[in-house]
**Q** 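Quick one: the structure is below, questions incoming.
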Protein chains: 2
Amino acid sequence: MVTKNALARTAFDAIADPTRRAILDHLRRGEVGAGDLARRFPVSRPAIAKHVRVLRQAGLLKERRQAQQRFYSLNPAGLAEVDRWLQPYRLFWGARLVDLKTFVENTDAEK
Amino acid sequence: MVTKNALARTAFDAIADPTRRAILDHLRRGEVGAGDLARRFPVSRPAIAKHVRVLRQAGLLKERRQAQQRFYSLNPAGLAEVDRWLQPYRLFWGARLVDLKTFVENTDAEK
DNA sequence: AATGTATTTAACCATATGGTTACAAAAAAC
DNA sequence: GTTTTTTGTAACCATATGGTTAAATACATT
């Protein structure tokens, strides 16, 4: 097998792990310090640090530093990659999702 | 590390691999036989068979057998798991997606 | 029954992954 | 300037992953 570049992370890689999804889910509530974050999970702090790194490499997290502390928050654009990939599949399970903005604009134009 | 049940696959696991995403992308065009499918990718047939197994375990594929041949097609419901997880994140990147059916029903009700 | 055709499974290999504990780094506080 | 606080990195380990080639399975054809 050819050696893979461990730095090239996609959002798909990042969300494959349940702990990383849980980290993201938690960050929806807002910015969280590294210590607080690690305390919420039943694994060691280094394990969380590694997950955070993967999430950052995938562009899913923003980091803010203040003294020794580091605060993490969601990077809005990150998961859009997954959303875009998913788009054509929505047809298949009947999810009637549309862009509301476009819908409203078109509706207005027809008046 | 605790031994993980290799049979418990989620859609998140399944779509983490780029080859598996490519298989799904290809199946959007319709049902494809195992042989045809394998021929489209630059890896061996057994490799594709293993990817297909992962996709099936995640509930993303349907299988139809006819003689020795096996035909695979998308299982509509499979990716909805990912879509549901993604839902609350849409707020963050400003995707103005709504359920059209619900939108229309509510709009009608207000008349 | 023997052979051919289509496909998965088995066994194996190298690398990736996710966890741990021990160590390093960086800033604050004393 | 030493110590404490907060955090990441290094080294290591066991298991998972994705690939290969060889063998097994299942059905059709002769």
Side-chain angles (χ1 to χ4, degrees), chain A residues 1-27 31-73, chain B residues 1-27 31-73:
Chain A
M1 189 195 248
V2 168
T3 304
K4 182 181 159 189
N5 179 4
L7 270 302
R9 298 285 188 174
T10 67
F12 296 100
D13 292 321
I15 67 172
D17 183 85
T19 300
R20 287 197 290 265
R21 288 198 299 278
I23 290 173
L24 292 174
D25 287 342
H26 185 67
L27 289 177
E31 190 186 61
V32 175
D36 284 350
L37 188 61
R39 243 167 273 131
R40 307 215 172 237
F41 295 92
V43 293
S44 68
R45 277 180 30 61
I48 296 297
K50 291 211 290 187
H51 282 309
V52 165
R53 178 152 60 161
V54 172
L55 290 166
R56 292 220 307 135
Q57 286 169 344
L60 269 50
L61 257 51
K62 283 187 293 192
E63 187 187 84
R64 179 171 71 84
R65 301 191 185 193
Q66 178 189 306
Q68 324 95 305
Q69 289 180 292
R70 300 189 185 190
F71 295 90
Y72 294 104
S73 56
Chain B
M1 190 196 253
V2 169
T3 304
K4 184 180 160 190
N5 179 3
L7 271 301
R9 298 285 188 172
T10 67
F12 296 99
D13 293 320
I15 68 173
D17 182 86
T19 300
R20 288 195 290 265
R21 288 198 300 280
I23 289 172
L24 292 173
D25 287 341
H26 185 66
L27 288 177
E31 190 184 62
V32 175
D36 283 351
L37 189 60
R39 243 165 273 133
R40 307 213 171 239
F41 295 92
V43 292
S44 68
R45 186 198 287 290
I48 296 297
K50 291 212 290 189
H51 283 309
V52 164
R53 177 151 62 165
V54 172
L55 290 167
R56 291 219 307 137
Q57 286 169 343
L60 268 52
L61 256 51
K62 284 186 293 193
E63 187 186 83
R64 180 172 70 84
R65 301 191 184 193
Q66 179 190 304
Q68 323 96 305
Q69 287 181 292
R70 299 189 187 191
F71 294 90
Y72 295 104
S73 56

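Chain naming here is simple, since letters A, B, ... match the order of the sequence lines and numbering starts at 1 in each.
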**Q** What pair of heavy atoms forms the shortest contact from B:Ala14 to B:Leu60, and how long is it?
**A** CB-CD2, 4.0 Å
**Q** Could you tell me how far apart B:Asp13 (CG) and C:dA16 (C1') are, to the nearest whole angstrom?
**A** 14 Å
**Q** If I take atom CG in residue A:Asp17 and atom P in nucleotide D:dT15, what distance separates them, rounded to the nearest angstrom?
**A** 18 Å
**Q** For A:Arg56, report the nucleic acid contact type (base, sugar-phosphate, nothing); a contact means any heavy atom under 4.0 Å.
**A** nothing
**Q** With B:Tyr72, which of B:Glu31, B:Arg56, B:His26, B:Arg64 fulfils side chain to side chain contact (heavy atoms under 4.5 Å, CB included)?
**A** B:Arg56
**Q** Does B:Arg65 reach the main-chain N or O of B:Phe71 with its side chain, forming a donor-acceptor pair under 3.5 Å?
**A** no
**Q** Provide, to the nearest angstrom, the distance between the CZ atom belonging to A:Arg39 and the P atom belonging to D:dT5.
**A** 13 Å
**Q** Phosphate oxygens OP1/OP2 of C:dA27: is one of them under 4.0 Å from a side-chain N or O of A:Arg65?
**A** no
**Q** Check the distance between C:dG18's C1' and A:Ile15's CD1 and give it to me in whole angstrom.
**A** 18 Å
**Q** Nearest 0.5 angstrom please: B:Leu61 CG to B:Ile23 CD1, how far?
**A** 8.0 Å
**Q** Please report the shortest heavy-atom distance between A:Asp17 and A:Thr19, naming the atom on each side.
**A** OD2-N, 2.8 Å
**Q** Take nucleotides 23-30 of chain D nucleotide by nucleotide from the 5' end and write B, S or -, depending on whether a protein heavy atom sits under 4.0 Å from the base, only from the sugar-phosphate, or from neither.
**A** ---BBS--
**Q** Find the distance between NE2 (A:His51) and CG (A:Leu37) and round it off to the nearest 0.5 Å.
**A** 10.5 Å
**Q** Could you tell me the separation between the CD atom of B:Gln57 and the P atom of D:dG18, rounded to a whole number of Å?
**A** 12 Å
**Q** Respond yes when some side-chain nitrogen or oxygen of A:Arg53 is under 4.0 Å from OP1 or OP2 of C:dG18, and no when none is.
**A** no
**Q** Considering just the side-chain nitrogens and oxygens of A:His51, establish if one lies under 4.0 Å of OP1 or OP2 belonging to C:dT17.
**A** no
**Q** Tell me the interatomic distance from A:Gln69, atom CD, to D:dT4, atom P, rounded to whole angstroms.
**A** 19 Å
**Q** Is it the case that D:dG8 (base atoms only) and A:Lys50 (side chain only) share a donor and an acceptor within less than 3.5 Å, ignoring hydrogens and angles?
**A** no
**Q** Could you check B:Ile15 against B:Leu55 for side chain to side chain contact (heavy atoms under 4.5 Å, CB included), going step by step and ending with a plain yes or no?
**A** CA-CA 8 Å; B:Ile15 68 173; B:Leu55 290 167; 5.7 Å; no
**Q** Mind listing the residues from residues 40-49 of chain A sitting with a heavy atom below 4.0 Å of DNA chain D? Number order is fine.
**A** A:Arg45, A:Pro46, A:Ala49
**Q** Respond yes when some side-chain nitrogen or oxygen of A:Tyr72 is under 4.0 Å from OP1 or OP2 of D:dG8, and no when none is.
**A** yes
**Q** Considering the options B:Ile48, B:Val54, B:Asp25, which one meets the side chain to side chain contact (heavy atoms under 4.5 Å, CB included) requirement together with B:Arg20?
**A** B:Val54
**Q** Please give, in whole Å, the distance from C:dA6 P to B:Glu63 CD?
**A** 17 Å
**Q** Rounded to whole Å, please give me the gap between CZ in A:Arg20 and P in C:dA16.
**A** 15 Å
